Amino acid sequence: KNEVEQSPQNLTAQEGEFITINCSYSVGISALHWLQQHPGGGIVSLFMLSSGKKKHGRLIATINIQEKHSSLHITASHPRDSAVYICAVRSRRDDKIIFGKGTRLHILP
Amino acid sequence: SQTIHQWPATLVQPVGSPLSLECTVEGTSNPNLYWYRQAAGRGLQLLFYSVGIGQISSEVPQNLSASRPQDRQFILSSKKLLLSDSGFYLCAWSIGEDQPQHFGDGTRLSIL
């Protein structure tokens, strides 16, 4: 079993829909990152969380440390949000960064 | 403002040839630097990270090596490439551990 699991693997939605991508992890962590990888491969760091909730524009990220779970939400989704969203955690045990396999999001116009 | 440069964008190399990918950061001092690889159909994998000049930590055993000859320069190398080295290589920097990482545009490496 992977130490970082993302769901769903693939998601197709209509423009305007509210999107939720989930990340569950099984190790103690010091931080969790959400990354966005565009079709050309470029990666942008969206959020870094260690507790609570962060918001940036239409993106919201939450983390529940007790439940070892984080969600990334996109409100009023748009075709330009189409990308792969990757969850990554830094393990408190050995300081290693562990990546989820990503969620491929496709927003239809 | 800080910028990160990674080159080349695309590289096609024969098996057994050497490799050198360069990454430089501007606008910040003593950044943490990272090399990642994303193989086709797979997730990101951290290969190396560096917290200072000459300080390199290797995350996975492989035939690649990294060097940091200057504060804002990070080089990924191989003496002899394998077919399995094909992939998308990304360099990133951060101001410290558990800080947001900023990624370069990546190098798509194809081994023939």
Side-chain angles (χ1 to χ4, degrees), chain A residues 1-10 21 23-25 27-52 54 56 59 61 63 65 70 72 83-104, chain B residues 1-11 21 23 25 28 31-51 55-62 66 86-110:
Chain A
K1 188 178 186 297
N2 294 327
E3 291 169 300
V4 178
E5 295 274 2
Q6 282 186 239
S7 62
Q9 275 187 296
N10 295 283
I21 298 171
C23 176
S24 297
Y25 51 91
V27 297
I29 67 167
S30 54
L32 182 143
H33 300 258
W34 279 104
L35 309 171
Q36 179 191 53
Q37 185 171 28
H38 290 283
I43 290 184
V44 173
S45 179
L46 299 176
F47 295 102
M48 190 202 69
L49 298 161
S50 53
S51 65
K54 285 190 177 178
H56 185 244
L59 301 177
I63 188 169
I65 296 294
S70 176
L72 176 69
V84 175
Y85 292 84
I86 301 168
C87 173
V89 304
R90 180 179 291 280
S91 167
R92 194 184 292 280
R93 177 186 65 214
D94 55 14
D95 229 24
K96 291 191 183 298
I97 298 176
I98 308 167
F99 291 88
K101 293 190 175 174
T103 294
R104 189 173 297 278
Chain B
S1 64
Q2 301 90 355
T3 56
I4 179 168
H5 302 281
Q6 192 182 335
W7 67 91
T10 307
L11 190 59
L21 301 181
C23 173
V25 179
T28 187
N32 281 11
L33 296 171
Y34 309 85
W35 275 112
Y36 293 91
R37 176 171 61 199
Q38 186 176 41
R42 300 177 66 178
L44 276 173
Q45 181 183 40
L46 179 63
L47 300 176
F48 301 96
Y49 73 91
S50 171
V51 298
Q55 300 177 63
I56 310 294
S57 295
S58 174
E59 292 292 297
V60 292
Q62 61 220 310
S86 292
F88 188 62
Y89 289 81
L90 285 151
C91 179
W93 74 272
S94 69
I95 60 172
E97 287 192 359
D98 295 338
Q99 296 297 317
Q101 294 186 20
H102 308 275
F103 289 81
D105 290 334
T107 296
R108 195 164 300 280
L109 175 65
S110 298

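As the structure is a prediction and not an experimental result, all values here were calculated from the model. Worth knowing before you read on, the calculation uses all heavy atoms, side chains too, and leaves out hydrogens, waters and symmetry mates. The sequence lines fix the lettering, A, B, ..., with proteins before strands; numbering per chain opens at 1.
Open room surrounds CD1 on Ile95(B); 12 or fewer heavy atoms of other groups in view lie less than 6.0 Å from it.
For Leu44(B) against Phe99(A), the heavy-atom pair with the smallest separation is O-CD1, 3.3 Å. Asp105(B) and Phe88(B) make their closest contact through O-CZ, 3.4 Å (heavy atoms, listed as atom of the first residue, atom of the second, distance).
Heavy-atom distances place the side chain of Leu90(B), and not its backbone, under 4.5 Å from chain A. Contacts of Ile98(A) with chain B are absent, with no heavy-atom separation under 4.5 Å from either backbone or side chain. For Ile43(A), the parts lying under 4.5 angstrom from a heavy atom of chain B are both the backbone and the side chain.
With chain B as the partner, the residue from Lys96(A), His38(A), Lys101(A) showing the most heavy-atom pairs under 4.5 Å is Lys96(A). Of the listed residues Gln45(B), Gln38(B), His102(B), the one with more heavy-atom pairs under 4.5 angstrom with chain A than any other is Gln38(B).
To the nearest 0.5 Å, atom CD1 of residue Ile63(A) and atom SG of residue Cys23(A) are 8.0 Å apart.
Between Phe103(B) and Tyr36(B), the distance from one ring center to the other falls under 6.0 angstrom.
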